[in-house]
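Have a look at the structure below before the remarks.
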Amino acid sequence: IRDMEVVVPPGIDDQLNYLTKGCVDVVPAEQLAEKLERSSKTGKPLVVKVGFDPSAPDLHLGHTVVIRKMHHFQQLGHRVVFLIGDFTGLIGDPTGKKSTRPQLTPEEIEANAATYRRQIYKLLDPETTIIDFNSRWLGALGSADWIRLAAKVTVAQMLERDDFRTRYESQQPIALHEFLYPLAQAYDSVALEVDVELGGTDQLFNLLVGRHLMREHGMEPQVVMTLPLLEGLDGVEKMSKSLGNYVAVEDEPTEMFGKLMSISDDLMWKYWLLLTDRSAEEIDADREQVSDGEIHPMDAKKALATTIVTEFHSAEAAQDAQREFERVFSSGHLPQEIPELSMSATGEKMLLSKVLVEGGLATSNSEARRLIQQGGVRVDGEAVREIKAEISTTGTESTLIQVGKRRFAKVTFTLD
């Protein structure tokens, strides 16, 4: 764990300000203050839970927004539970979906969960983080238990959720098992006797069901805290691996630095707020200095990239990444190390979009076509904008392909 030497706030008001930095919802804020006050007097730490369905193998910076808030609670001595939804993953989180989500196999869930366990320790303290699996209690519920549980929530309550209501009104199918997801997530809070549950703003409904179910079980309801969804590098869509607008937690330092330098000046301030431990006051002061021309936006962005790379790698790696960025992008040089790819050639020419996908320079054909159309692809130094552009595969020389400002590859084609 690489702590930023944050001084633990002494007073309850200071702790509230620290813990709610960047939050959108705190339901209810006065109850959080009461819980913190009680914990301070009794010495009993709060139980803070965050659930992660292992739906994909890699964590990106968007995921770390809530993980960082978990660490803030850890710094104040509270008991943080990183809950892997191996049971709820079998259902598939319907949040924000216009159709029923494909269910994961147990093998897919276990493989993805294994990578989570490794990646979260880049931010969380491995000695005090509790990792649990909700199959431990959800898997033990019998048919009668599920019926009794389902009786505590009405269909009308479920249809209060925007995505369920939208699908219902547009006559899109809603499978019965999808109603079980928020119910199962809520029961996690009952099983763990949770004091605080964290999640993204898209999870607000599910977290509030947790409060309802805890009351139904005669328990003090949890406090719900939500954090913003982080836009990806494009500044438009939520950070997502499928959209290719992400920065992975395990990206190499140079790749991570370069990606962060590509975000817009406006988005930079949201990244400062949600991805670093700097106070909102410090960030606002820097933003004002940039606005007044006292600090160049490029310098503020370099400081952001250096801060994030340092946290996930090291200060030395961040310095090396900055030097490489400045050498390549400020001076117009090529990177010192360019990946070399060997691809099979079945004919004289191949679609450039296909080369990008097979070479790992784009995550999908649609992303490849979008990159080409936007002028983000160069072949041997020349920009290509034709979606159906082809490149020759018969030459013996390697072809230099550049995608955006950060990704390069030397591609050599070999005949089958």
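This chain uses plain numbering: 1 for the first residue, then up along the sequence.
Atom CZ of R161 sits about 9.5 Å away from atom CD1 of I174, to the nearest 0.5 Å. Atom CG in L149 sits 4.0 Å away from atom CG in L183 (nearest 0.5 Å). Taking CE of M261 as the reference point, atom CZ of F325 lies at 4.0 Å (rounded to 0.5 Å).
Between the T226 side chain and the D25 main chain, a donor and an acceptor come within less than 3.5 Å of each other. The backbone N or O of T88 lies less than 3.5 Å from no partner atom in the side chain of Q185, so there is not a single donor-acceptor pair. Judged by distance alone, the side chain of T64 and the main-chain N or O of I67 form no donor-acceptor pair under 3.5 Å.
Within a 6.0 Å radius of CZ in R79, other residues, nucleotides and ligands contribute 12 heavy atoms or fewer.
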Stepwise side-chain contact (heavy atoms from CB on, under 4.5 Å) test for M225 and T20: CA-CA 8 Å; M225 298 175 66; T20 58; 4.2 Å; yes

Residues F87, F133; criterion ring pair (Phe, Tyr, Trp, His ring centres under 6.0 Å); working and verdict: CA-CA 8 Å; F87 187 94; F133 295 80; over 10 Å; no

Start with the C-alpha distance between T412 and L341, add both sets of side-chain angles, then the distance that settles side-chain contact (heavy atoms from CB on, under 4.5 Å), and finish with yes or no. CA-CA 6 Å; T412 302; L341 305 175; over 6 Å; no

Could you walk me through whether L198 and K49 pass the side-chain contact (heavy atoms from CB on, under 4.5 Å) check? CA-CA 6 Å; L198 309 174; K49 163 199 145 190; over 6 Å; no

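Screening R68, K21, K69 for a salt bridge (Lys or Arg N to Asp or Glu O under 4.0 Å) involving D277 leaves a single residue, R68. Among K122, R118, K241, Q119, the single residue meeting the side-chain contact (heavy atoms from CB on, under 4.5 Å) criterion with L59 is Q119.
Residues D188 and D132 are not in side-chain contact: their nearest non-hydrogen atoms beyond the backbone lie 4.5 Å or more apart.
A salt bridge links R278 and D286; the closest N-O separation between the charged side-chain nitrogens and carboxylate oxygens is under 4.0 Å. Of the charged side-chain nitrogens involved, none lies within less than 4.0 Å of a carboxylate oxygen, so that K238 and E231 do not count as a salt-bridged pair. Between D284 and R287 there is no salt bridge, since no side-chain nitrogen of the basic residue lies less than 4.0 Å from a carboxylate oxygen of the acidic one.
Ring-plane geometry between Y116 and H63 is classed as tilted, the angle between the planes lying from 30 to 60 degrees on a 0 to 90 degree scale.
Within the cation-pi definition used here (under 6.0 Å to the ring centroid, within 45° of the axis), K301 does not qualify as a partner of Y271. For the pair R165 and Y168, the cation does not sit on the ring face, since its NZ or CZ is not both under 6.0 Å from the ring centre and inside 45° of the axis.
Here the two rings, on F205 and F164, have centers that are 6.0 Å apart or farther.
Listed here is the closest heavy atom pair of V290 and P297: CG1-CG, 3.8 Å.
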Quick one: side chains of residues 214-223, donor-acceptor pairs under 3.5 Å with protein atoms, not counting sequence neighbours, listed by atom name and distance.
from	atom 1	to	atom 2	distance (Å)
H217	ND1	L213	O	2.9
E220	OE1	R38	NH2	3.1
E220	OE2	K35	NZ	2.4
E220	OE2	R38	NH1	3.4
Q222	OE1	S189	OG	2.7
Q222	NE2	E197	OE1	2.8
Q222	NE2	L207	O	3.1

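Take S264 and apply the side-chain hydrogen bond (donor to acceptor under 3.5 Å, both in side chains) test, not counting sequence neighbours, and it matches no residue. Scanning for side-chain hydrogen bond (donor to acceptor under 3.5 Å, both in side chains) contacts around N245 gives D234, with sequence neighbours left out.
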